[in-house]
Amino acid sequence: MKHTIGIDIGSGAVKTALFAFDANGKPRWLAKRCERIRRRDPMTLAQEGRDGVLADAGLGADDVAYVATTGEGENVKFATGHFYSMTTHARGGVFLEPGARAVVDIGALNGRAIYVDERGKVLSYKMTSQCASGSGQFLENIARYLGVAVEEIGPLSQTSQNPEKVSSICAVLAETDVINMVSRGIATPDILKGIHLSMASRIVKLLKVTGIKEGKALMTGGLALDTGLLAAIREEMANEKVGVEAVAHEDSIYAGAIGAALWGAFRHDRLSALERAAA
Amino acid sequence: MTATIPPAVAIVQRCEALFDDLDFKAVKAWKAAGTGRKAIGYMPVYVPRELVHAAGMLPVGILGGGDSLEVIQGDAYYQSYICRIPRSTIELGLTGRLDCLDGMLFPSICDVIRNLSGMWQILFKDKYVRYFDVPQNYQDEIGGRYYVHELEILRDDLGKLRGKPIGDAELNASIAVYNDNRAAVRDLYAYRARKPWQAPTSEVYLLLRAGMVLPPEEHTKLVREYLAAVDEFPRPKRDNARVVINGTFCEQPPLALIKSIEMSGCYVVDDDFMLVTRWLLDDVPADGNPLEELSKAFLHRSASTAAKYDATREEKGVFLLKQVKTRGAEGVVFAAPSFCDPALLERPMLQDVLAKHGVPYTAFKYAENTGQMAPIREQAGTFADSIKLWSAA
Amino acid sequence: MTTAAMPASVKKPQNVQKEDAMWLQKELINRNYTELATAHQMGRKVSATFVPGNLNELLMCFDFARSLPETNALQNGMRKKSGKMIMDAERDGQSEDVCTYVKADLGMMMGGEVGPTGEVLPRPDVLLLSYTGCFTFMKWFELIRHKYGCETVMLHVPYQGEGKIAPNMREYVVKQLKENVIPTLERISGVKFDIDRLRQYMRESQKAEEDLVAVLQSAKNRPSPIDGYFGAVYYIGPIFTAFRGTPEASQYYSVLRGEIEERVRQGKGPVTPEGEMGEEKYRLVVEGPPNWTSFRDFWKMFYEEGAVVVSSTYAKVGGLYDFGFRHDADRPLESLAEYCLGCYTNLNLPSRIDMICRYIDEYQADGLLINSIKSCNSFSAGQLLILREVEKRTGKPAAFIETDLVDPRYFSAANVKNRLESYFQMIKQKRTSGVGHDLPRTIPIAAAH
Amino acid sequence: MRCFIGIDLGSTTTKAVVIDEQQNILGRGITNSRSNYDTAAAIAKQEALVNGRFHLFREALSTTGALNGSLDRFLSQLERDFRLEQYLEQLADLEATCRRNLGTAKFGDATAGVGEALGEVFRRLAAGAPELFAPGAKRKSDFFRDIAGSQYLAVGEAVAKDAGVRYDFLLNVFDRSIIEVENRVYADSIRRHLLAALERAFVALPETAGRRSRVEAPIKGILDLDMEETYIVGTGYGRARLPFSKEHIRSEILCHGLGAHMMYPGTATVLDIGGQDTKAIQVDRAGIVESFQMNDRCAAGCGRYLGYIADEMNMGLHELGPMAMKSTKTIRINSTCTVFAGAELRDRLSLGDKREDIMAGLHRAIILRAMSILARSGGIRDEFTFTGGVAKNEAAVKALRELVRENYGELTLNIDPDSIYTGALGGATFAWRAVMEEGRTAEARA
Ligand SMILES: Nc1ncnc2c1ncn2[C@@H]1O[C@H](COP(=O)(O)OP(=O)(O)O)[C@@H](O)[C@H]1O
Ligand SMILES: Nc1ncnc2c1ncn2[C@@H]1O[C@H](COP(=O)(O)OP(=O)(O)O)[C@@H](O)[C@H]1O
Ligand code: SF4
Ligand code: SF4
Ligand code: SF4
């Protein structure tokens, strides 16, 4: 039995997944770990993540055929190889949701929409630009300001009656916009929904640019758990008449780590075959 | 005992020093080496450097300030939504770094450069400044006639600047010098396409940059020495995807970006850096009427770029496709400067052509001073991953 | 003498009233859209071309219905439809960074070519790419050609890099007209070129041009009877678009001129969307196109404060008539070439600065306001130098605001208002105090080499 | 007495300055701009008036000579005690509000536990309060939100751990309540607090107790003095939201120009770096604005940028400068996108750069942006005055000095410790002019 580990080092959290493969190469997910970085050293967290999943599965470091990193993990010393995050999110996304034809990853700073085929091959993608407007971080800051816990954002946003659009392009100025809204007496759910809508419009735009026409779009990354954003994206898709269904998965946040583990197994087989041929 | 530096490394180091030198010491040194020597700056998309050379002057390619110039005054002249290169060029000028130039040529690239020529006229009143227009009509009798006239004006102006008209013989000699330079650069590009691990693009790029400040004869020699030197020692070959870079013809990406693209798993096998070195695709006859020949080469045998009109729809993307085919590329990386209207408006058309021919591509934007490479690596890396991982499947 | 046939649409003008200029103008613009919408049914071919240096008279010679994509974009902007079109074009792969006129146009085409008035616009039979004063034009029509396969004819108009029209440039343009443009238009329209018909239209143009100049120059009066920017964009509508050369246009301008001259006699100021403007407190010269998506709000920020624009460069994008140019029926092609070569954005920067300084002087303006447009490199690149130079040469204060043509995302009302208010208060303060103009401006040492 | 007040409603802080008929500055007040602009303005004004009274106390006491030798000590004790009184009242209010909000939070079974933990947290906070206002004590900031917030976070974490309650719940209750509390103006309590503080001061400084009556009389006299709000001028980013009529509003550009002129009459160029804008202003010898430039919509490189960095490093704003001053190596930072600041910092740290060097690079980057805006407004002329919150930051000042010297040569650089009040001072001066020179009277509030 072959085992691989995928480690996804993000700007907000480190996610780790451990997989086992049977003789036919069929993957089975054994263990997972997710740790928010909160100003700690990501490299240490990566190590802890690896040790953690191994402990959960009762395995040792020697039992692992390939440790694959993704995200900002190019420099992890104990890794066997590295894959770029859209490669891994695509593969992981299709693993979680086989019907997905697009994977939308909204992280703390950047957002990406990836158009994939049924095998998880990246057909095209679109990333947000250098400017951080409309990022997860922004939403988090605003929620803190409004005194709303991260888990509450989604449910609250969905109670909104009159969403108030956030106009500023810049995330910093948008913060002031929001403060202005509070002073005008706009209700918290309406503000949150407004932010969700403006994020959703950006995301749907990214998605459309990739060229996807139909199928499911799986949200991955931390914001996939935000039901308010998902709802806003659905509304926006309907408005824009995009025939794509936005879905989330409870393990969405692990998509990158999963993809890395799966690709690790693939490369492991290729490399072993090459070594055998060389011998 | 210190180990001697391998010749290839020494050449690259020399080029790097030229690249890093924002004070144009090489130009100053060249001028100091003879009395009355003059240097003329130009933006290296295309100007007929032959004319400058024939006047005994040094043509100097000006490519903005890169990522190490602190732009202070330049920003005073440009809004945030205009690309970087004009502001860093202005900064170079205002800080006296371009004082070694006796004139400046602004070729017809885009509205930004066009207006920059006027700004130069105002800010540097004592210098020769010319907006050098090129025809977007490719008929000899129409565009050609206009172009020959433009060339004549430039020839006259430069002749006046040096105090003696430029003769046909001088011009033909310079055409021959540049034919030789183009041949060397063609060899360099062909070599890199054959063995990209031997001649990485970060080095090829530096080599071309050296040509912006060195006299052409010296540059030709340098290119040939490099080629001979790199071929001596094998370098490790990696499992990389072969790509063509497009969109970088004006504002240059930082060197770190070129390195990042290579690091993330791509071999660059063709590009549009400093097109002036490869604008004319083959030799210009050096025994005819020089201006006519230069004009014909421009009209009928020149590279394609977003700054140039394609007379028919069918021509769009042909040049790029040919690059992909002849260099054996597996994909195209569109890297355009932020706010660059020509490159960014051209891109969707080129992408459409590539899609129709099944050539994969990816695209991103940069600025000459982009500091964050992580998103670039991620995009180029994903692109390389997808070519590599899926070509086997 | 041959009398040129007028375009099919021309009906005998009804009896017009004096206050009818505004109504006439609307009528003209709307009718052009209807004409365009029905052109193909009526068996007419359709041309598309750009505003600066446009060859309307020439196109009329071939009976083309005439579409101007820039005008479509701005009309869509004013009707608040452009935002979606731009987003659509961006979703289709266009970059956020590029000119929004292009994107609004491409977005409109994607949305079934429904024009500003709701009528479906036809696909052009020919794109006349008069590449004048803007490089983006070239890419714009390449994009349309790429998508729809329309036939394109290029008219390359060289830039006045040295601040003058050299004979070589004129010859080049005339040659292209003769050998490329006219034969192509003949072939596509099936109409033979008749130079006398062209002459006739050009004569008609000249009449309108005279009246337009009188209208624009009326702003030299105090108070100015017109707003030379917000008002002028309405006045220039017909002449810079599909109507120059038609008798309707001539009639419109003579009616308009009459009205304005009457206002001067009565000592009245401009009419704003909210009626007569109050006291004229500030007289400004404006450089740069307006913002269309919030046009009314934008204008309001001026008239509310008593600011009137006495002259603007934008009102000259389609022709620098106030410095003497007129279409000349005696040298038809040469005159067309000069028209193309002379349009505002084809001038080099020093000429643009001269022109603004002249305006400030001749129109007794309090200062210069630059509305810098994110979209338009042609206008915007270099405006900050213009600002400095004009300040230096005239000693009048200048201010800078940033908006966009038709992208509603780039009009930040609070931001613009803040700057305008500060600017007006500054002019007022300077005027009332009049102290301390003696401080020398330091130039950075590095720059003063 | 007649008072002329300027209020500068900034994006991060709201400042007020009170001047008298002779244009002497009586008092300055500052508070954080919050969601309710009226409150922010009211509190800043109230703070300035309180500060003004302290100024008057000092004048009165020094003329009577009642406290010869210990005047400074006494007044600073009095002020700290006054702050303590205010703090305790707000703390009590915060606790009550937290309890109310706990009632509506959906913490299920955990509610009771959180309630107990809250009690413990506030017990500890109240017990720790006097220490915060002890002589020489360093506070991260002077705003209730910041002081209480950082105390609450620290104490809360410990309490939550001990009590086995989720820390998140405690945080959540706080985040909900702080907005309510900071939007209350405790105007009625000023007099009470001052009197209570006076008692405390006599206790703290027993040697003064003997002179009690000689001290008390002038203080009470001043407390009874009517500081008439003769004319108010509002300015700043949020001025349009102030409940003033148009006559009482001035553009922040004009106010900054005039304020700088009032502080340094030789001022020719003003640079103001605030929370989300950077302004370069040229003024003539009368303080009248000749030209100005501001950053455009992008807030890159403004004061808020430092705020993000401070958050990312878990430091106070005032600690950034000193840290950057320790740098020995220059690192070039090209992106000053405020939001990406944290990412850039992490990037650099992971490349092995030292924190202080990165900090120095960041400060230089901010100033570089400001230099561009200055260049755009027409360059820097002698004298050059640097104002706004960022002028408090020594590393920013150092970078500015260097860049000014490199680009413009030697010239006078003015930085006032109170430079953050420049706009408000300009406003107050406009208010003074409106009445004293133009003979206007305050209009009814719109
Ligand atoms: N339940 C949730 N609801 C909303 N947002 C969440 C939730 N959980 C995490 N997040 C957000 O997800 C983001 C982190 O996502 P992640 O994909 O890990 O980003 P990165 O890959 O950049 O580290 C954070 O901004 C966080 O606020
Ligand atoms: N004590 C301090 N030390 C260093 N920087 C400070 C300090 N106080 C404020 N600042 C800086 O000043 C900025 C606020 O400046 P301010 O002029 O009040 O802005 P605004 O007028 O927009 O509210 C903050 O973002 C911060 O960067
Ligand atoms: S607009 Fe705002 S988010 Fe965007 S780059 Fe500027 S500061 Fe950053
Ligand atoms: S980068 Fe693009 S927009 Fe900028 S000057 Fe060059 S061609 Fe023009
Ligand atoms: S760049 Fe300017 S002139 Fe050109 S099409 Fe756009 S708005 Fe018009």
Side-chain angles (χ1 to χ4, degrees), chain C residues 304-305 367-370 372 374 380 383-392 395-404 407 409-448, chain D residues 235-241 246 249-258 261 265-269 277 279 281-298 371-384 403-411 430 433 438:
Chain C
E304 259 185 359
E305 298 281 339
L368 167 69
L369 176 78
I370 295 184
S372 181
K374 173 184 172 283
S380 303
Q383 273 174 333
L384 284 158
L385 179 70
I386 295 184
L387 174 120
R388 278 194 173 193
E389 285 289 312
V390 171
E391 265 189 323
K392 203 164 82 187
K396 297 276 167 70
F400 203 78
I401 53 175
E402 296 175 339
T403 69
D404 191 47
D407 192 338
R409 293 171 297 183
Y410 286 95
F411 188 82
S412 161
N415 195 310
V416 172
K417 202 167 160 58
N418 183 9
R419 288 176 200 223
L420 285 178
E421 268 176 28
S422 301
Y423 181 53
F424 295 145
Q425 290 182 15
M426 182 173 112
I427 295 181
K428 187 166 147 200
Q429 259 206 342
K430 279 189 94 155
R431 214 192 265 151
T432 49
S433 80
V435 249
H437 293 294
D438 49 344
L439 266 189
R441 275 287 166 82
T442 338
I443 301 162
I445 34 173
Chain D
T235 184
Y237 151 89
R239 62 182 183 274
R241 301 198 61 80
K246 212 174 152 207
I249 304 276
R250 292 288 183 290
S251 124
E252 66 214 271
I253 307 277
L254 297 186
C255 287
H256 272 94
L258 185 58
H261 172 78
T267 299
T269 302
D277 48 33
K279 307 185 250 299
I281 308 169
Q282 308 287 353
V283 294
D284 68 12
R285 292 198 174 150
I288 292 169
V289 175
E290 292 186 306
S291 76
F292 65 92
Q293 285 289 332
M294 289 167 74
N295 60 311
D296 45 32
R297 258 176 312 276
C298 171
M371 290 297 288
S372 304
I373 295 173
L374 278 162
R376 205 182 264 197
S377 78
I380 301 179
R381 304 178 299 171
D382 207 15
E383 299 168 12
F384 177 38
L403 280 162
V404 169
R405 192 169 329 108
E406 286 165 26
N407 287 281
Y408 297 90
E410 291 297 338
L411 38 80
F430 274 119
R433 285 190 181 171
E438 296 159 34

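Naming convention: chains lettered A, B, ... in sequence-line order (proteins, then strands); numbering from 1 in each chain. Any value given below was found using the heavy atoms of this structure, including those in side chains, with hydrogens, waters and symmetry copies removed.
Atom NZ of K279(D) is separated from atom OG of S422(C) by 9.0 Å, given to the nearest 0.5 angstrom. To the nearest 0.5 Å, atom CD of residue E421(C) and atom CG of residue L254(D) are 10.0 Å apart. Between atom NZ of residue K417(C) and atom OG of residue S251(D) there is a gap of 12.5 Å, rounded to the nearest 0.5 Å. Separation of atoms CZ (F400(C)) and OG (S377(D)) is listed at 13.0 Å; rounding is to 0.5 Å.
Residues M426(C) and V289(D) approach most closely at CG-O, 3.1 Å, considering heavy atoms. In terms of heavy atoms, E391(C) sits closest to E290(D) at OE2-O, 4.4 Å.
A heavy-atom distance below 4.5 Å is not found between the side chains of I253(D) and R419(C). Side-chain contact between I288(D) and Q425(C) is absent, with no heavy atoms from C-beta onward closer than 4.5 Å.
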Run the numbers on R376(D) and L387(C) for side-chain contact (heavy atoms from CB on, under 4.5 Å), then give the verdict. CA-CA 10 Å; R376(D) 205 182 264 197; L387(C) 174 120; over 6 Å; no
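With a 4.5 angstrom heavy-atom cutoff, I401(C) does not touch chain D via any of its atoms.
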